[in-house]
Engineer: 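Below is the structure I would like to discuss, written out as structure tokens.
Chain naming here is simple, since letters A, B, ... match the order of the sequence lines and numbering starts at 1 in each.
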Amino acid sequence: SQELEQSPQSLIVQEGKNLTINCTSSKTLYGLYWYKQKYGEGLIFLMMLQKGGEEKSHEKITAKLDEKKQQSSLHITASQPSHAGIYLCGADMGSDYKLSFGAGTTVTVRA
Amino acid sequence: NAGVTQTPKFQVLKTGQSMTLQCAQDMNHEYMSWYRQDPGMGLRLIHYSVGAGITDQGEVPNGYNVSRSTTEDFPLRLLSAAPSQTSVYFCASSWGSGTSTDTQYFGPGTRLTVL
């Protein structure tokens with residue numbers, strides 16, 4: 001079973017609409033990373049969160065880490081075709097030198 | 001900077017064949033790692049290295065060997081390929097341990113099919 005659960009597994013959104021992806025753990029997250037992956041390509045770093053309640057934004061993407069540091073959400077406002085891809089969360093759960101990853105969320109943006 | 005580079009991009013092997021996946025980085029990062037990505041399972045750590053001459057196992061090391069003779073290079077060797085090793089392989093590097101305080105940079109991946 002995944003140490004990090006991502007939901008939904010996939011979603012289709014109309015261009016211009018908002019979307020939210022969740023990443024949940026039963027353990028404390030000491031560092032939470034969001035990556036984006038396009039098919040056939042590597043992972044592109046989006047954001048890192050460390051503190052409970054922390055929120056970061058970059059362009060139209062906002063990520064939050066809850067106060068308990070066990071759940072993070074990624075929110076995209078007014079989605080565009082360029083937002084399509086696979087979003088993965090990765091987390092430091094206290095094991096040295098190891099990041100655990102969620103299974104990913106596939107985002108499709110329809111024009 | 002080229003960042004993290006991986007070769008080849010695609011590879012098809014027959015069961016029992018051996019091969020080496022290459023990974024190089026030009027950022028002088030101490031930490032390098034290999035992951036495999038399988039549908040529905042996210043990324044799983046195969047092996048990692050915290051510096052030249054030092055390697056250790058991740059969560060799925062069986063069937064793979066690594067070595068780190070230089071800071072720049074971290075090749076992954078498949079000793080006797082099996083169909084279960086069909087996957088996409090990613091190499092990553094970072095300044096430090098690759099966890100809470102260090103962002104990992106990923107290569108473009110190698111798609112391996114074992115027949």
Engineer: Verify, without hydrogens or angle tests, whether A/K69 (side chain) and A/Q50 (backbone) share a donor-acceptor contact under 3.5 angstrom.
Structural biologist: yes
Engineer: Going from CG on B/D73 to CD on B/Q22, what distance comes out if it is rounded to the nearest 0.5 angstrom?
Structural biologist: 7.0 Å
Engineer: Any chance CZ of A/R110 has more than 12 other-residue heavy atoms, nucleotides or ligands included, within less than 6.0 Å?
Structural biologist: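 No.
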Engineer: Is it the backbone or the side chain of A/Q37 that comes under 4.5 Å from a heavy atom of chain B, or both, or neither?
Structural biologist: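 Contact with chain B: side chain only.
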Engineer: Over 60° means perpendicular and under 30° means parallel, so classify the ring planes of B/Y35 and A/F101, tilted if in between.
Structural biologist: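 Correct class here is perpendicular.
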Engineer: Name the region of A/L88, side chain, backbone, both or neither, that has any atom closer than 4.5 Å to a heavy atom of chain B.
Structural biologist: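 The side chain, not the backbone.
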Engineer: Which answer fits B/Q6, side chain, backbone, both or neither, if we ask what part of it has an atom under 4.5 Å from a heavy atom of chain A?
Structural biologist: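 For B/Q6, no heavy atom lies under 4.5 Å from chain A.
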